[in-house]
Amino acid sequence: MANQKIQAPKGVSEYFPDRSRLFEHVRDSLIAPAKKSGYQLIELPVFEDTDLFRRGVGESTDVVSKEMYTFEDRGGRSITLRPEGTAGVMRAVIEHGLDRGQLPVKLWYSGQFFRAERPQAGRYRQFYQVGIEAIGLDDPAIDAEVIAIADAGFKSLGLSKYRLEMTSLGDASSRSAHRVDLLNFISGLNLDEATAERARINPLRLFDDKREEMKKAMQKAPLLMDYLSSESSEHFKKVLGYLDRLNVSYVLNPRMVRGLDYYTGTTFEFVHELLGAQSGIGGGGRYDGLMQDLGGQALSGIGFGLGVDRVLLAAEAEGVISQEAFVSDLFIIPLGEEAKQMALTIAHDLRGQGKVVEIAFGDRGLKGSMKAADKTGATHTIVLGESELSSLTVDLKHMKTGKSSSVKIASLHQHL
RNA sequence: GUGGACGUAGCUCAGCUGGUAGAGCACCCGGUUGUGGUCCGGGAUGUCGCGGGUUCGAGCCCCGUCGUUCACCCCA
């Protein structure tokens, strides 16, 4: 292995020019609607006490049981790289008493998350998510607003080939009533060992089986939606009503299964049509018991997480994201040492006035520098040589038209 | 974690039944002294992912390993 090249760890996503600009654009677009809705940034560590995820996300989930990056730090503590965002936010809210003031607490976050899965199209071991959490309000209107915020982010990017799937997981009483009947139904099925094991961990999982015979077998299984308590049912209906009013279209999917244990009530998922097997571009829901489970007060909450990597893939698949070039307003080509110093000063001044300015360093020669100017896509170019230094006047060349005009250096900013 | 495909210059790839590597794009220089995008000429570039094996000889065959990719599982 001595000669093995060092390369990035397996399954990570990386972005560099020019694609990094698209990534940046997607990330910023997805979070913009949340900022406009009064959500505020919460910046958290990417690693947490392992117990946080065990208790928050749930031992029975795949995420916790086999996908976490867990290690022992030098003090012998068990640390885990965050596999999702909500648990960490709840921890911080409880720890710092953010829930002691006015409710709801409205937060947004953005950053890397980690899951030790086998990489695949749109599935990475380190991936990027933006998300929001609204804590301490049961009003169905906030459910609708949260969902509409996610939808607005997708729409602002020009996405259209996706759908919003909705369901309600109801409250505890709804779920336990359903569970009895579902288990009873499943016991009547002839399952192979792996499937039986999945059913044992979480019977709802069987709704998600991709095999045709299983889909058929589950056709008559009792649906949780039919077991909702009147409160849950009422709440969900109102959410749907608000979404209608907001013109956010959705399809009901009573067979939807989510991978995290904390979800209750309103639950949703955004699925893109042009992606491969990993087609979920975002998802979320209510988690009315999570806060208390983690030792906080009994506050409800709702939030979502959106996969920036996948949304970028989706935007590219739809062809709606443009490589609008990073363009400088001015590209300066200095000829000689004195000119270089002058270039530095001019650039500094113009940047101070908000202009994007680049300088051709390195004494490349005029022709080479002009080529460089062309490649950066700068809108204007000036050459700084002896005559310009003495006259303090330059020929400001507009690169698109090829025409140039004589301009005083002091008034350059007016022409950019 | 399971299974399939793949791994050759910065990028996309070619390389016939094994005889020690090529193209296009990109990049650099130049086409008479200070103005780009087209065109023309010239140039640099790879331990053919890594390790081992078979062979007189392997980019081409075999094994292992690392990685990529697609699917399962699961999810953003």
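Naming: A, B, ... by sequence-line order, numbering from 1 per chain.
- Where R115(A) and A8(A) meet RNA chain B, the nucleotide closest to each residue was compared, and A8(A) sits on the side nearer the 5' end.
- Distances from the side chain of R205(A) to the nucleotides C74(B), U35(B), C27(B) place C74(B) closest.
- Looking only at distances, no side-chain donor or acceptor of R286(A) sits under 3.5 Å from a matching main-chain atom of G170(A).
- Applying the 3.5 Å distance criterion, the base of A71(B) shares no donor-acceptor pair with the side chain of Q278(A).
- In terms of polar N and O atoms assigned as donor or acceptor, the side chain of E67(A) never comes within less than 3.5 Å of the base of G1(B) in a complementary pairing.
- Side-chain atoms of K371(A) and base atoms of G37(B) include no donor and acceptor less than 3.5 Å apart.
- Along RNA chain B, the nucleotide closest to G11(A) and the one closest to R125(A) are compared, and the more 5′ of them pairs with G11(A).
- Remark: the R123(A) side chain and the C73(B) base include a donor-acceptor N/O pair separated by less than 3.5 Å.
- No N or O donor and acceptor, one from the side chain of D374(A) and one from the base of G37(B), sit under 3.5 Å apart.
- Between R198(A) and D208(A) there is no salt bridge, since no side-chain N of the basic residue sits under 4.0 Å from a carboxylate O of the acidic one.
- When distances run from any side-chain atom of F127(A) to the nucleotides A76(B), G36(B), C27(B), the shortest one goes to A76(B).
- When atom types are taken as modelled, the side chain of S279(A) and the backbone of L275(A) share no donor-acceptor pair closer than 3.5 angstrom.
- Nucleotides U2(B) and C60(B), compared at atom C1', are 30 Å apart to the nearest Å.
- The separation of U38(B) from A9(B), taken at their C1' atoms, amounts to 27 Å, rounded to a whole angstrom.
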